[in-house]
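None of the values given here were measured: they were computed from a predicted structure. Values below: every heavy atom of this structure, side chains too, minus hydrogens, waters and symmetry copies.
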Amino acid sequence: MIEDLDAICDVHARARATYYAGHLPADAYSGPEELERQRAGTARAIASREHTVLCATRDGRVVGFAVVGARFDEDKLFHFHIDPEVWRTGAGTALHQECVVVWRAAKLTSVRLEVFAPNARARAFYTSQGWEEDGREDDHVLMRLRLPAGD
């Protein structure tokens with residue numbers, strides 16, 4: 001998976017630019033220091049035993065990724081980004097379904113995420129996948145997904 005780091009970071013940078021532009025200074029989401037911070041964090045997630053990194057691919061190219069925790073109830077969906085070029089093509093739904101598979105295998109009953117409040121597109125996507133708003137913290141909406149009991 002570390003061999004996908006460049007592709008993951010590229011998707012991450014492009015996706016973040018779509019929802020932070022106009023809300024934050026460009027250096028805060030796409031400046032060289034921020035991009036390096038994100039790259040280092042993603043590399044740590046890939047190497048970590050505490051996170052699972054999943055990739056969505058199309059024609060051999062990474063078009064999305066998720067970083068999930070699946071250690072305990074209320075663990076988190078830390079990152080979920082889809083290349084803007086493939087929005088609304090099913091890539092996000094398929095990747096989200098794989099996240100649910102990981103959480104169900106870990107026998108979790110509830111997971112959480114934080115989403116940038118102005119990112120209405122992402123909030124609508126999460127709602128369509130069964131997530132419910134569960135509060136606010138600064139400029140983020142907190143959401144929870146309740147998972148059905150497994151077989």
Side-chain angles (χ1 to χ4, degrees), residues 1-72 74-103 106 108 110-145:
M1 176 79 61
I2 197 69
E3 63 273 7
D4 294 322
L5 181 60
D6 289 340
I8 290 169
C9 290
D10 187 45
V11 167
H12 195 184
R14 284 198 318 274
R16 291 180 75 199
T18 65
Y19 58 84
Y20 282 145
H23 299 285
L24 299 175
D27 276 354
Y29 60 86
S30 65
E33 290 177 13
E34 177 57 16
L35 293 176
E36 182 52 38
R37 186 186 73 76
Q38 287 296 324
R39 181 181 183 78
T42 302
R44 281 192 305 274
I46 290 170
S48 170
R49 292 182 183 180
E50 297 178 2
H51 299 96
T52 299
V53 179
L54 304 168
C55 288
T57 60
R58 288 256 168 92
D59 300 321
R61 182 175 72 92
V62 173
V63 296
F65 78 99
V67 177
V68 302
R71 298 165 293 151
F72 50 82
E74 303 290 306
D75 213 339
K76 292 178 71 174
L77 174 57
F78 291 96
H79 290 283
F80 190 94
H81 298 283
I82 301 297
D83 187 329
E85 292 180 9
V86 299
W87 283 351
R88 304 199 60 76
T89 65
T93 298
L95 181 59
H96 187 270
Q97 289 170 346
E98 291 305 311
C99 295
V100 171
V101 167
V102 170
W103 293 321
L108 302 187
S110 178
V111 289
R112 301 175 75 66
L113 65 76
E114 298 175 17
V115 61
F116 187 56
N119 191 348
R121 180 200 48 78
R123 290 186 9 244
F125 170 78
Y126 292 128
T127 298
S128 76
Q129 299 301 310
W131 293 80
E132 297 174 345
E133 191 169 325
D134 196 33
R136 294 203 175 221
E137 189 172 297
D138 298 322
D139 59 357
H140 283 76
V141 173
L142 308 176
M143 299 184 87
R144 175 188 309 224
L145 178 66

Heavy atoms, side chains only, cut-off 4.5 Å: are [X] and [Y] in contact?
X	Y	result
Arg112	Arg144	yes
Thr93	Gln129	yes
Val141	Tyr126	no
His96	Leu145	yes
Arg61	Asp83	yes
Met143	Asp134	no
Asp4	Val53	no
Arg44	His51	no

Looking only at non-hydrogen atoms, find the nearest pair between [X] and [Y] and report the distance.
X	Y	value
Val68	Cys99	CG1-SG, 3.7 Å
Arg136	Ala117	NH1-CB, 3.6 Å
Val11	His81	CG1-O, 3.8 Å
Ile82	Gly92	CD1-CA, 3.7 Å
Trp87	Thr18	CH2-OG1, 3.4 Å
Asp75	Gly69	OD2-C, 3.2 Å

Exercise. What do the steps show when you test Arg71 against Leu108 for side chain to side chain contact (heavy atoms under 4.5 Å, CB included), and what is the final call?
Worked result: CA-CA 8 Å; Arg71 298 165 293 151; Leu108 302 187; over 6 Å; no

For this session: Evaluate the criterion side chain to side chain contact (heavy atoms under 4.5 Å, CB included) for residue pair Trp131 and Leu77; output intermediate values, then yes/no.
Result: CA-CA 11 Å; Trp131 293 80; Leu77 174 57; 4.1 Å; yes

Problem set entry | Under the ring pair (Phe, Tyr, Trp, His ring centres under 6.0 Å) test, residues paired with Tyr19 that sit two or more places apart | none

[atom1]/[X] to [atom2]/[Y] distance, rounded to the nearest 0.5 angstrom?
X	Y	atom1	atom2	answer
Glu132	Leu142	CD	CG	13.5 Å
Leu54	His79	CG	NE2	13.0 Å
Glu34	Asp27	CD	CG	9.5 Å
Phe65	Asp10	CZ	CG	10.5 Å
Leu35	Arg16	CG	CZ	8.0 Å

Seminar exercise, completed: Residues at least two apart in sequence or cross-chain that pass salt bridge (Lys or Arg N to Asp or Glu O under 4.0 Å) with Arg58, listed by chain then number, are none

Exercise. Is there a donor-acceptor contact under 3.5 Å from the side chain of Ser48 to the main chain of Ala45?
Worked result: no

